[in-house]
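These numbers were taken from a predicted model, which means no experiment stands behind them. Each chain gets a letter, A, B and so on, in the order its sequence line appears, and its residues count up from 1.
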2 protein chains.
Amino acid sequence: MSAEKIKEAAMHYFATQGYEGTSLSQIAEKVGIKKQSIYSHFSGKDDLFLQVLDNTLQQEIHDLNTKLKHLRTSSLKETLYQLIEDLMSRYEHSEHMKFWLRMSYYPPMHLYEKVNDAIYQHDAEERKLFLSLFKKAIDDNVLKNRKPEHVTIAFIALLNAITVELVYGGVERAREVVNPSWEIFWDGIARYSEGDGI
Amino acid sequence: MSAEKIKEAAMHYFATQGYEGTSLSQIAEKVGIKKQSIYSHFSGKDDLFLQVLDNTLQQEIHDLNTKLKHLRTSSLKETLYQLIEDLMSRYEHSEHMKFWLRMSYYPPMHLYEKVNDAIYQHDAEERKLFLSLFKKAIDDNVLKNRKPEHVTIAFIALLNAITVELVYGGVERAREVVNPSWEIFWDGIARYSEGDGI
DNA sequence: AATTAACTGACGACCGTTCGTGAGTCGAAG
DNA sequence: CTTCGACTCACGAACGGTCGTCAGTTAATT
């Protein structure tokens, strides 16, 4: 019960202020307890952090899976575009993702290995899902003659670019980047770039 | 003399551990002095940080300018590709850029406004330079019928995507992203996508 | 009676910062 | 050539705070 509230508060501050910039008293205050009481649920700051990290990883992979399941009937073009839209709305509404991002880029140094393992697991999962998407599209003759692995890499790069814009300009600024980048990307991969509507 | 060494050391730690994760004693130790001596040159941690930030901003803009000047005779395709290569080699060899990046993404909260001003200045300069590049290319009929502003945005997004990969996978991982992303990007903007060799 | 979760109190370590001091440099005055 | 004062730079000592952590206690629940 209270452990969940602690993890929520911790995630919020870790996401907005980083690991070093967040103190246990700050977390405790937000929950409404004293900082020493955190030790009733976690063995220390690192333990709390790693549990938050673990929760977030599972959440992220789960989100991605259900999202792709829902889009299985759509066209590739629509699926990809929806993934971009989804990225932005998730960033706007979920602290999970902000936390996940920040720790992907700049984890606390003394926990680097553990964080990296989690990231690697997530990235591999993500890559696998996208790859199957593009393989199918190539079989359906939708795409230019490219290796599906390369298209996957480029699409993830596009998502990363939008993500960066989210981090440092928020949703309104990311919006300005999406359309130009998306159009050029789609032009770059689609066999017929015009007149197939979205 | 010693102020320069302090700023160098500070930049290194700010870049690798963030503002909150860096202590003055750590910086002093690297220089070979005591932390109190830093106050002979700077009025405090914030002052030191802001001076490092300022140096870095100037360096970044200067670098970009000279780089573009050197490339003025090359074709657009080669120019853009060289800018990507340059991004990676600069990341590999210069601490300036690592510092700059980290503080762009996650500045210390109480200095947010000042950092943001610097970033805005840099981004505006960058956008201006790229824009003139693409405007000229459109006049030369090299590109598809797109607004130069949109191409600029998409190219900066591409650079950002590569930058992200640099941050969290280093140069070797970024290399894997560059070629697929670059080819698709160029296919997406160039009027004739084949046979103009680079 | 046993377990749990919150509390109070205190710990040493480190943080950024201030103050006063002393050693070194340099140019001008004697 | 020496002496003096001003200036620069690094120092030790110490400040009030905050950090993460540990130990022991209390009150409520099972």
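The environment of His62(A) atom NE2 is sparse: at most 12 non-hydrogen atoms of other residues, nucleotides or ligands sit within 6.0 angstrom. Within 6.0 Å of atom CD in Glu29(A), 12 or fewer heavy atoms from other residues, nucleotides or ligands are found, so the atom counts as exposed in its surroundings. Taking a 6.0 Å sphere around CZ of Arg173(B), one finds it holds more than 12 heavy atoms contributed by other residues, nucleotides or ligands.
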Pull out every protein N or O sitting under 3.5 Å from an N or O of nucleotides 6-10 of chain D, one pair per line with the distance.
{"residue": "dA10(D)", "atom": "OP1", "partner": "Ser2(B)", "partner atom": "OG", "Å": "3.2"}
{"residue": "dA10(D)", "atom": "OP2", "partner": "His41(B)", "partner atom": "NE2", "Å": "2.4"}
{"residue": "dA10(D)", "atom": "N7", "partner": "Ser40(B)", "partner atom": "OG", "Å": "3.0"}

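Remark: Lys30(A) does not engage Glu8(A) in a salt bridge, criterion side-chain N to carboxylate O under 4.0 Å. With respect to Asp139(B) and Lys135(B), no salt bridge is recorded, no charged nitrogen being found less than 4.0 Å from a carboxylate O.
Checked by atom type and distance alone, the side chain of Thr66(A) pairs as donor or acceptor with a backbone atom of Asp63(A) at under 3.5 Å.
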Worksheet item: Along nucleotides 15-26 of chain D, 5' to 3', which nucleotides get a B, which get an S, and which get a -, given that the test is a protein heavy-atom distance under 4.0 Å?
Response: ----BBBB----
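For His110(A) and Tyr19(A), the distance between ring centers is under 6.0 angstrom. Between Phe155(B) and His150(B), the distance from one ring center to the other does not fall under 6.0 angstrom.
Across the protein-nucleic acid pair, Phe42(A) atom CZ and dA5(C) atom P stand 11 Å apart, rounded to whole Å.
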